[in-house]
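One structure below.
Each chain gets a letter, A, B and so on, in the order its sequence line appears, and its residues count up from 1.
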2 protein chains.
Amino acid sequence: VTGATELVDRAAEREPRAVARLISLVEGGGAQLREVMAVVSPRTGDAQVIGLTGSPGVGKSTTTSALVAAYRARGCRVGVVAVDPSSPYSGGALLGDRVRMQDHSGDPDVYIRSMASRGHLGGLSRATPQAVRVLDAAGFDVVIIETVGVGQAEVDIAGIADTTLVLLAPGMGDAVQAAKAGILEVADVFVVNKADRDGADAAVRELKQMLSYADRAPGEWTPPIVRTVASAGEGIDGVVDAIASHREWLVSSGKLEERREHRAAAEIEAIALATVRAKFGELHGSTALAALSRRVADGELDAYAAADELVAGLTPA
Amino acid sequence: VTGATELVDRAAEREPRAVARLISLVEGGGAQLREVMAVVSPRTGDAQVIGLTGSPGVGKSTTTSALVAAYRARGCRVGVVAVDPSSPYSGGALLGDRVRMQDHSGDPDVYIRSMASRGHLGGLSRATPQAVRVLDAAGFDVVIIETVGVGQAEVDIAGIADTTLVLLAPGMGDAVQAAKAGILEVADVFVVNKADRDGADAAVRELKQMLSYADRAPGEWTPPIVRTVASAGEGIDGVVDAIASHREWLVSSGKLEERREHRAAAEIEAIALATVRAKFGELHGSTALAALSRRVADGELDAYAAADELVAGLTPA
């Protein structure tokens, strides 16, 4: 891309089209992705990355929209990446249109992007980490990643976000579900939304009880539980405060640096393995793996010896 | 292992303890796994590998037991690998004990092994493919892999088995569940068990309807639906016939060879990537990845450039 640097400059100058173009480039992959990331990466590290997940129907987009308003009121620029396979707006810019028109229309300091998810069982889009870095480099102070909490998604989101919010709503048996799905382990802040409904007290009680079972070392973070009625904006300041407290803990405990290094290691390894896998496919004019597979299927060679040959092919003597 | 060859010989001579020892060795991993697989692999390819999956409560172990009896009546040696995280017998040899005591006690031509599953969301044990190869090399004509059908398990099992049976029971909303979970795509034979109960006709009808929606090319296999009452042995011959028909189709269409090569390719690639990943961890006295991660977290380097350095480290100039 001639002008990756120029695009990032323009994005930082609050030009939404430059941001959109950069995210499209990283979604496209290949050489352009690499070029953009080389420009983007040195400019990252300042954004606060917030993950927001929960079952369908708990009010994720309403809460996101309320959080955007709350951060805007504090003078922050806010980027949103919405990944939601089951929502009606998963196709493209529909969420962006909808929320923008409602609350943040024409605000150049809010950028909202929908991304298609990786698979039907949940999980983030492949390009989500890169899109977050683009928004970070473009000077958004807060980046919210919103995704429906099913399958692998909540683990993935905790791998990218500094602070992960898990949303629940009363009377959905969510607390039990949360425990089952391992959501308890990824949540930094619990939000019990629709707290004006019957069953809110019970949901909070149940969550507290489950948290009390958790075996936390001294100095570890205990996830607070915040009640909200996001549709009325109630309790949202409490969520912002909880996120700020978690951030302070992350910094003072050294966990922020640790989490970010951990995240970088996972990202580097995944990219490197994808590179190696592509190399496997290209060995001997793309025939190496097929030939080895035939010999293993015929019992001429065992899979471990075949794998050794494949790996040896990476380093020609 | 001094004596991997001897162990395999003894296993082929119907010595259950030799089979047990071999499977423990492949479960242990490392050098012993490689040594066993080098001896085992050339002797594989004769067993018919059958996957059996379904939701909890549909009667998987009863059906497995009935299938073992049916194959024994036809003079076949039968091996069973049971992977079931939620069953009371997942800890070790309990399934073996239970079924054996009931029906196959003291029969040296039946070998039953329980394996712990990989994760709580289902999926096979890491060593399952190797255990199947051991049983194949030990001369078992039929190897049945039984696993509870949740999450990734049914896809994994279809990747290992020649023929995959999906079990359903009336009135469990299973057909709808099956469609959701993509089970329809992995099933080679549907078994509606507990067919003497109310709702069996409805379950068969629902399945037929869903199968009619599937877009199959001419010459492709259409999964038959077999009704059974496994606890009474009813319909089991029909299952054996359906498996035999599927086997004939696999052979005549060339799909058996294709499936096995595909499976070998996936296995080789997974082993090779694990090897490469281990090498990443060992580079520069185990410090390379940590150092790169720190530079990426600090914005000095982007993740793609870091991955390139990691891959370059595999091939010292």
**OP:** Identify which part of B/E257 has an atom lying under 4.5 Å from any heavy atom of chain A, answering side chain, backbone, both or neither.
**Re:** side chain
Original post:
Given that the side chain runs from C-beta out, which part of B/L273 has a heavy atom under 4.5 Å from chain A: side chain, backbone, both or neither?
Top reply: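 The answer is both parts of B/L273.
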**OP:** May I have all residue pairs that pass side-chain hydrogen bond (donor to acceptor under 3.5 Å, both in side chains) and include part of residues 264-277 of chain A, sequence neighbours excluded?
**Re:**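 For residues 264-277 of chain A, and leaving out neighbouring residues, the side-chain hydrogen bond (donor to acceptor under 3.5 Å, both in side chains) pairs sorted by first residue read A/Q130-A/E267, A/R133-A/E267, A/E269-B/R277, A/R277-B/E269.
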Original post:
Can you find a heavy atom in the side chain of A/V311 that is under 4.5 Å from one in the side chain of B/I271?
Top reply: no
**OP:** Measure the CD1-OH distance between A/I268 and B/Y304 for me, rounded to the nearest 0.5 Å.
**Re:**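 Between atom CD1 of A/I268 and atom OH of B/Y304 there are 11.5 Å.
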Original post:
Relative to chain A, which of B/V39, B/T44, B/V40, B/L289 shows the most heavy atom pairs under 4.5 Å?
Top reply: B/L289
Original post:
Between B/E261, B/R263, B/E309, B/R260, which has the largest tally of heavy atom pairs under 4.5 Å with chain A?
Top reply: B/E261
**OP:** Let me know if A/L292 has heavy atoms under 4.5 Å from chain B in its side chain, its backbone, both or neither.
**Re:** both
Original post:
Taking non-hydrogen atoms and a cut-off under 4.5 angstrom, which of residues 134-142 of chain A neighbour chain B?
Top reply: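 Residues of residues 134-142 of chain A touching chain B at under 4.5 Å: none.
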Subject >> Closest heavy-atom pair and its distance - B/A272, A/L310 >> reply: CB-CD2, 4.0 Å
**OP:** Using the ring pair (Phe, Tyr, Trp, His ring centres under 6.0 Å) rule, collect all pairs that involve residues 247-270 of chain A, keeping only residues at least two apart or in two chains.
**Re:** A/W221-A/W249, A/H246-A/W249
Without placing hydrogens or testing angles, list every side-chain donor-acceptor pair under 3.5 Å for residues 294-301 of chain A, not counting sequence neighbours.
none

Original post:
Which one of A/A270, A/A290, A/A264 has the most heavy-atom pairs closer than 4.5 Å to chain B?
Top reply: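 Between A/A270, A/A290, A/A264, the count favours A/A264.
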